[in-house]
Each structure stands twice: as structure tokens, then as C-alpha cells.
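Working notes, beginning with the structure itself.
As a basis for the values below, the full set of heavy atoms in this structure was taken, side chains included, without hydrogen atoms, waters or symmetry mates.
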Amino acid sequence: MIQNLPWLFLLLPLAVAAINWLCFKKCACMAATLSILSALATFCMCVAYLMGWQTGTPDTYTWMPIVSEGMPSLSVGLLMDSLAMRMMLVVTGIGLLVHIFSLGYMKGDNSNLSRYFAGLSIFMFSMTTIVLADNLAMTFIGWEMVGFSSYLLIGHWFNKPSAADAAKKAFITNRVGDFGFLIGILLTLAVFGTITFGEMGGKAAAIAPAVLTVTVICLFCGAVGKSAQFPLHVWLPDAMEGPTPVSALIHAATMVAAGVYMMVRLQVSMGDAAFTDTACCVIATVGAVTAVLAALMALQQDDIKRILAYSTLSQLGYMVMAVGLLAGEAAMFHLYTHAWFKALLFLGAGAIIVRCHHEQDIWKMGGLGKRMPLTVICFLMGTCALIAIPGFSGFFSKEAILEAALAKSPVFFWVGAAVAALTTFYMARLCLVAFCGEARAHGAAEAKEAGPTMLMPLFILAVMAIISGYGFVAEYLVPAESFHAHGFALGLPLYVSLGSLIAGLLLAYLVYGCGKRKQDPLAGNALSTALRKRLYIDDVYDKGLINFVQGNAAKAIELIDNAGVRGIGTLGTAWFIGRIGKLLTWFQGGVLRRYAILAAIGALLFIFLIASTTFTH
């Protein structure tokens, strides 16, 4: 039985979610305690496993037996290789810190905190299912569950219309990508003869390249939805309507990372041969386009959480581009470093928002560096990692992607360099406006340092934002097979990276100075308006796809329903039956004269039939 202890990774958070929901609806303290203990237990189990405590291979259970010849039965099992377990360390580590941070962030909140912590636990169960699944069917279960749990958490404040709409938008948008993902799973079963990761290796060589291309692109559709790649990126910025710890959980190492992790898992399982040139070109192009568009949109956002949301989109584009360049190791390196520093940035933003009386507009902040020095220093550590200042974790992982891009395609290399410059500019803008100068609003003027339950996770994440890219840490923790840490290396990637960093910082300082401006000097023109309105992509969806296409389709269906189904089918049938009924009432009206006529007609028909029968004989 001890070899099945790893199943606790899944069962423990699921059981806690059920207990919180069923038993502690009105006891938020117990619900929070159970959820934190669950996250702590899974984190400790993961650390113990990586340090050498192994219980063998957990049992695999048959989920759905299939009796057809040549068709494998669907099973439920755990894949405990280094890729999965190192990813689990990131998921459980950041999940635990988010749970602890939530104690301070949600203190005094009037919503149902038991439901909130139950949602966190079911989210951890869902993400763990994706990471540890040993086949695509089980992955799809976790895939859908993580969409459901994110729907619950994004819409936690469901009384606020914007939060309810954002939850629905996230859920529905992900269903579009999941439809393609499901087709990809069925194609994988058809062409590989299996959907178990451990049985896919070496089979790609016997499959036609066109079939492989279609299969991989369909599977990639799931990553486009879950990792919010263009054109299904529209849900992620709106997901900021949920509590900030939820944003950190979704954006850092869990939901949005699932698409990148899944594609790297497929590369490891199927082999690079399954990823044809056409499929790789599509994947890399989608990632590059997403990185550029998101970075541009972030330039003119004023909501601190939305700036970080578009930053996440852009960095995910980096990772997806690396996957398309068959540099899965670099993609996972950046996923790993990004998880720590982006969690730090979101939780730091959460602490700032709480202390500024839930103000999120950076132009209504200012002077926070003097009022919240510890929080701001931690936030700056995350910013340094994000903009890839040498010595911070993000520098090492970004360099790995740029080197891979330069080796495979110079076009993608220069796209990455341009995105790096844009990233530096919008993050420097955020820091100058929010932390420097004087307070511009009442909330910022009364801001105080965050409490210990919020500061402790920030300190831990700040340390990881600095050291997680160095070899003595990365070689043991990066979710990749036989990973080798990236160090300083003189060459074009380093020079271009430093040039992008300096250009972004100088330009931000020239435009925004020391944060004394009262409003954005770049606002008010057509380009700024377009960037603030997300390049009108959401408007195209709302007015074009939803209002025009869906609206006209609804009108056509309504016409068919009224004229056909309701008119001819329902009302027409009722009218016909009614007319038959009226006709029959003529015969059964109780009038003797009509009965006599009917009897005479019947007698004549009887005589006619007898006569015709006699004549034929």
C-alpha cells in the first residue's frame, strides 16, 4: 500500500475541498487551516520525493475497459518522472504561499471564505491531475477541472457583474481551445494507437507528416486556450476581476502554465520527430505574435493587475515560441523562473492594493516607496527578474530562449529582443508612477506596510526571484530532463539583451521622469487609445463575433423555430388535429338524421363490396 502514497497528491486537496464545502461553510478559520495544511502536506511530500524518498511506481487503475480488438483500455495512473515532480514542486510551493498570503489579503472580506479556500483546494487538485497524469485522457480531466475551478475563483465575488462576466468569459473561451484539444486526443489515439505518454515513443516515424501536423496543431489548440495565446488570449486580462491571490495562482505556475507543460510533455513523449516543420512554425508564430501584441497592450494600461496580466501573456508567448523552436528545455526554464517572480509581482500588487484601500490605478498611487518600503523592495526584485537584469533569475532563462531562437530563426530572435525592450519600458513605467513622487490619492497617502502573513510569502518569492536561475538551484529544480543551467556567455544574445534593457529603462525615464507627473504624457492620441482598448480585438469579438454572427444566427434559429418547429410542427399539428376533431363532431353530434345518412352510406358500401366480390368470382 505504501507505494500508492503518491495518490495523496490528488486525493488530499480533493478531500479537503469537499470537507470545506460540506462541513465548514460557516467556519472560515477551519476551512483556511485545512486548505493550508493540505498544501503544506503536498509540498513536503514533493520535497521528500525529490530528495530520494520514493515508494516505487504507484498502481494504475482501469477506468474504462474497452473490449474492441486493438483498442487500449482507458486507465488512471501517475507519471512520477523528474519533469512531473519538479513541476509539482513549483505548483505546490507557489500554491502554499498563495494560501498563506490569502489569510492576510482576504481578512475582513465579507464573501464566503470557506468557498474561497475550497476553490483553492479544488484548483490544486485539478492542476496536480494535469501534472501527474500518465495519459491524455486523465490530462483532459484535469484540464476541464482546472477550467471549472478557475471559473469558481475568478467569479468568487459573483455579486460584482464584472467578476461574474469575467468568469463566464474565461470558461467559454477555454472551451473553444478544449474542443480542438479533444480532437487532438482522438487523433493521437487513432494514429499512435495509444494515449499513454510512456507508450508514444518511436511511433512518429511511421506516421505521415501531414497527419502528424494536424494532430499536433489540434493538441496545441488546448494550449492556445489554457495558456491564453492569440487569438484566445482575451480571457486572461479580464480574469483580474477575481481576488489577487487567485490571479497569482492562475498566472504564475498553474493554469496558464498548463499549456506549455502539456506541449513539452508531448515533445518528450512523442519525440521531436512528431513535431513537423509546419507544426513548429505555427506554434512559434502564435507565440511570437502573442508576445508582441501583449507587450504593446501593456504599454498603456493603468490598472496594476492588468499590466501584470499582459506581462504574463507576453512571457507565455516567449515560452510557446521556444516550444515551437523545439527548445522545450529553455521553455521550461523560463516557466520555472517566471513562476516565482510573477507570483511575487502579483502578490506584491495584492499587498499594495489592500493597503491603498483597494485602489488599482497606478495614477492614483505614488510615493509608495516611502510608505511600504519592504513590499516595494520585494516588488522591485520581481521587476528586475522580469526585465532580465543580469544576476536575476529571469535573465538566465530569457537568454536561453534568445540563444535557441538565434540558432533556429533570427526572425524570432529579434522579435524576442523587441519584446524584451517593451517589457522593460512598461515595468519601469509602473514602478516610476506607483512608487516614486508623491501620493496622488487618499488611498496612497494612507498606505502602510503589509502584515506578516503577506510579507512572509513575498520575502520567500523575492529570494527565489534572485537565485532560482543559478546553476546550484536550477539544475535541481527546473522541470526538464537532464537540465543544464545557463550562465553568462559573451555573444550577440547578451549584447542585444543588454541593449534592450538599457533602451527600455532610458526611454521610460525620459517619458515619466521620477514619477512626478499627474497623468500619462503618452495618452490622448489614436495609438494610445488603441492600446488602451486592447487593439480593439475584444471589440471585434463583441461586435463582430457575438453581436453580428451569434446575433444573426440566433435570429435565424428563432425564425426557423417560429415558422418551422413552432408554426408547422407544434401549432400546425394542433390545428390539423383540431380540424379533424371538428369533422368527427359532425359525425358524433347526436343528430338522428346524420346517423341515418351514415347508416345508409354504410349499407350501400356493404352491398357494393358484396356485389364486386361475387362478380370477380
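Here the side chain of S38 pairs no donor or acceptor atom with the backbone of L34 at under 3.5 angstrom. Between the side chain of S102 and the backbone N or O of V98 there is at least one donor-acceptor pair closer than 3.5 Å. Distance alone, capped at 3.5 Å, is enough to place a donor-acceptor pair between the S393 side chain and the A465 backbone. The backbone N or O of G147 lies less than 3.5 Å from a partner atom in the side chain of S150, making a donor-acceptor pair. No donor-acceptor pair under 3.5 Å is formed between the side chain of T42 and the backbone N or O of F9. Not a single donor-acceptor pair under 3.5 Å links the side chain of T173 to the backbone N or O of A170. For the pair T290 (side chain) and F230 (backbone), a donor-acceptor distance under 3.5 Å is present. The backbone N or O of F181 lies less than 3.5 Å from no partner atom in the side chain of D178, so there is not a single donor-acceptor pair. With hydrogens and angles ignored, the 3.5 Å screen pairs a side-chain donor or acceptor of R86 with a backbone N or O of V478. A donor-acceptor pair under 3.5 Å is absent between the side-chain atoms of R115 and the main chain of W21, judged by distance alone.
Nearest heavy atoms, Q301 versus L531: NE2-O, 3.2 Å. Of all non-hydrogen atoms in P243 and M106, the two that sit nearest each other are CB-SD, 4.0 Å. Taking every heavy atom of both residues into account, A257 and M87 meet most closely at CB-CE, 4.1 Å.
Ring centroid separation for the pair F435 and F379 comes in under the 6.0 Å cut-off.
In this view, Y105 satisfies the ring pair (Phe, Tyr, Trp, His ring centres under 6.0 Å) rule with no residue, not counting sequence neighbours. Applying the side chain to side chain donor-acceptor pair (under 3.5 Å) rule to E449 yields the partners T375; only residues at least two apart in sequence or on another chain are considered.
Side-chain N/O atoms of S121 and S35 include a donor and acceptor closer than 3.5 Å. Side-chain polar atoms of D520 and Y512 form a donor-acceptor pair below 3.5 angstrom. Judged by distance alone, the side chains of E446 and H442 do bring a donor and an acceptor atom under 3.5 Å apart. Under the 3.5 Å distance criterion, with hydrogens and angles disregarded, a donor-acceptor pair is assigned to the side chains of S397 and T337.
Heavy atoms from other residues, nucleotides or ligands lying under 6.0 Å from OH of Y151 number 12 at most. Within 6.0 Å of the CZ atom in F179, the count of heavy atoms belonging to other residues, nucleotides or ligands does not exceed 12. Within a 6.0 Å radius of OH in Y541, other residues, nucleotides and ligands contribute more than 12 heavy atoms.
K160 and D165 are not joined by a salt bridge, as no carboxylate oxygen comes within less than 4.0 angstrom of a charged side-chain nitrogen.
Sorted by first and then second residue, the salt bridge (charged side-chain N to carboxylate O under 4.0 Å, His left out) pairs involving residues 286-307 (not counting sequence neighbours) are D238-R306, E241-R306, D302-R429, D302-R532.
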Using the rule given for side chain to side chain donor-acceptor pair (under 3.5 Å), can you reason through Y336 versus S468, listing the C-alpha separation, both sets of side-chain angles and the distance that settles it, and then say yes or no? CA-CA 8 Å; Y336 153 80; S468 61; 4.5 Å; no
Could you go step by step and tell me if F396 and Y470 meet the ring pair (Phe, Tyr, Trp, His ring centres under 6.0 Å) rule? CA-CA 8 Å; F396 299 104; Y470 288 93; 4.9 Å; yes
Kindly determine whether E144 and R175 satisfy salt bridge (Lys or Arg N to Asp or Glu O under 4.0 Å), including the steps that lead there. CA-CA 9 Å; E144 295 305 299; R175 299 291 73 72; 3.3 Å; yes
Does the pair C378 and F459 meet the rule for a side-chain contact (heavy atoms from CB on, under 4.5 Å), with working shown? CA-CA 7 Å; C378 291; F459 291 155; 3.5 Å; yes
Please test W143 against M262 for side-chain contact (heavy atoms from CB on, under 4.5 Å), starting from the C-alpha separation and ending with a verdict. CA-CA 10 Å; W143 206 263; M262 183 267 291; 3.9 Å; yes
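Between atom CG of residue L347 and atom CE of residue M454 there is a gap of 10.0 Å, rounded to the nearest 0.5 Å.
Taking the six-membered ring for Trp and thresholds of 30 and 60 degrees, H99 and F117 have ring planes inclined between 30 and 60 degrees apart.
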